[in-house]
Amino acid sequence: FDESCLKITYADGCRDTNLFYEGYQVEEDKDRIVLKITLKETLYPLYVHLNYVIYEGLDVIDRYAVIENQDDFPLQLENVKSASFYVPRGRKYRLTHMSGKWAGEHILERRMLSQSKIVLETRNGESGPDSCPWVAIDEEGAANEESGKVWEAALHWSGNWRSIVELDKFDQARITMGINEFDFGW
């Protein structure tokens, strides 16, 4: 099973969330376009707004989710990830991430993906020389600084975070990133 991006306990104890497409909105200003996709839970007045920001002249997509509870009763968010995405299936991929220590910061670590789940995380409340919320995967491990297809993901905050890179039995690779659910609750 894939890594979950959203885990909620509702006021009645239910933990099932079934989201369906409700609509979209496009907003444009001078140097960016924002696509907002709204998903609605089938039984509860819960909405998830997926936001994709495209910047003019950049090969970057900003992605974030907004969870909106319109119920009179509280719910408990147990896990919320910022994004999850798949790359083309059936290819060999190399994972690149950073590790380090004092006086040895941000060292590139590389390994070919095999059928597994790799978890990179921090639980100490901050990013630093030993934990950078950034990962990249490239085809065949052939990309370099000047050429090659690379898919990257980075988080815009430095608190507790978790990155999961998976390769399943069907050679499908996936990256999921967001808040670390360890000791998380909202």
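Every heavy atom of this structure was used, including side-chain atoms; hydrogens, water molecules and symmetry mates were not.
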State yes or no: do [X] and [Y] share one hydrophobic cluster built from I, L, V, M, F, W and Y residues joined by side-chain heavy-atom distances below 4.5 Å, directly or via other members?
X     : Y      : result
Phe85 : Leu35  : yes
Ile8  : Phe184 : yes
Tyr24 : Leu46  : yes

Check this for me: does any side-chain nitrogen of one of [X] and [Y] sit under 4.0 Å from a carboxylate oxygen of the other?
X      : Y      : value
Arg94  : Glu139 : no
Glu3   : Lys81  : no
Lys7   : Glu181 : no
Arg123 : Glu121 : yes
Glu140 : Lys92  : no

Could you verify whether a donor N or O on one side chain and an acceptor N or O on the other, from [X] and [Y], lie under 3.5 Å apart?
X     : Y     : value
Tyr10 : Asp71 : no
Glu68 : Gln70 : yes
Glu41 : Thr17 : no

Inset, instruction - Check the pair Leu95, Ile118 against side chain to side chain contact (heavy atoms under 4.5 Å, CB included), reporting the backbone distance first and the verdict last. - result: CA-CA 9 Å; Leu95 167 65; Ile118 298 167; 3.9 Å; yes
State, with a plain yes or no, whether a side-chain heavy atom of [X] is found less than 4.5 Å away from one of [Y].
X      : Y      : answer
Cys5   : Val80  : no
Phe73  : Tyr44  : no
Asn180 : Thr122 : no
Tyr93  : Ser114 : no
Val34  : Val26  : no
Leu77  : Leu75  : yes
Arg89  : Phe170 : yes

Under 3.5 Å, is there a donor-acceptor pair between the side chain of [X] and the main chain of [Y]?
X      : Y      : result
Asp29  : Ile33  : no
Asn51  : His49  : yes
Glu105 : Ala103 : yes
Asp168 : Ala173 : no

Nearest heavy-atom neighbours spanning [X] and [Y]:
X      : Y      : result
Thr176 : Arg174 : OG1-NE, 3.3 Å
Leu155 : Gly178 : CD1-O, 3.9 Å
Ala136 : Val150 : CB-CG1, 3.9 Å

Legend entry - Residues forming a ring-ring contact (aromatic ring centres under 6.0 Å, His included) with Trp134, sequence neighbours excluded: none
Distance in Å, [X] [atom1] paired with [Y] [atom2], rounded so as to fall on 0.5 Å steps:
X      : Y      : atom1 : atom2 : result
Leu19  : Leu6   : CG    : CG    : 6.5 Å
Gln25  : Glu27  : CD    : CD    : 4.5 Å
Ser99  : Leu120 : OG    : CG    : 9.5 Å
Leu108 : Met98  : CG    : CE    : 6.0 Å
Ile179 : Trp161 : CD1   : CH2   : 13.5 Å
Leu167 : Ser116 : CG    : OG    : 7.0 Å

Inset, instruction - Given side chain to side chain contact (heavy atoms under 4.5 Å, CB included), test Tyr86 with Gln172 step by step and report yes or no. - result: CA-CA 7 Å; Tyr86 296 87; Gln172 177 66 68; 3.4 Å; yes
Inset, instruction - Compute both the distance and the angle, then confirm whether Lys40 meets the cation-pi test with Tyr47: under 6.0 Å from the six-membered ring centre, within 45 degrees of the axis. - result: yes
Using atom types as modelled, flag every donor-acceptor pair under 3.5 Å from a side chain in residues 55-67 to any protein atom, sequence neighbours excluded.
unit_1 : atom_1 : unit_2 : atom_2 : d
Tyr55  : OH     : Asp62  : OD2    : 2.7
Asp62  : OD1    : His156 : NE2    : 2.7
Arg63  : NE     : Tyr52  : OH     : 3.2
Arg63  : NH1    : Ser82  : O      : 2.6

Inset, instruction - Begin with the C-alpha distance, continue with both residues' side-chain angles, and end with the deciding distance and a verdict on side chain to side chain donor-acceptor pair (under 3.5 Å) for Thr96 and Glu109. - result: CA-CA 6 Å; Thr96 302; Glu109 301 278 350; over 6 Å; no
Legend entry - Verdict with supporting geometry, Arg162 and Met177, side chain to side chain contact (heavy atoms under 4.5 Å, CB included): CA-CA 6 Å; Arg162 188 171 195 208; Met177 292 184 83; over 6 Å; no
Inset, instruction - Decide side chain to side chain contact (heavy atoms under 4.5 Å, CB included) for His97 and Ser163; before the verdict, give the C-alpha distance in whole Å, the side-chain angles of both, and the deciding distance to 0.1 Å. - result: CA-CA 10 Å; His97 64 94; Ser163 302; over 6 Å; no
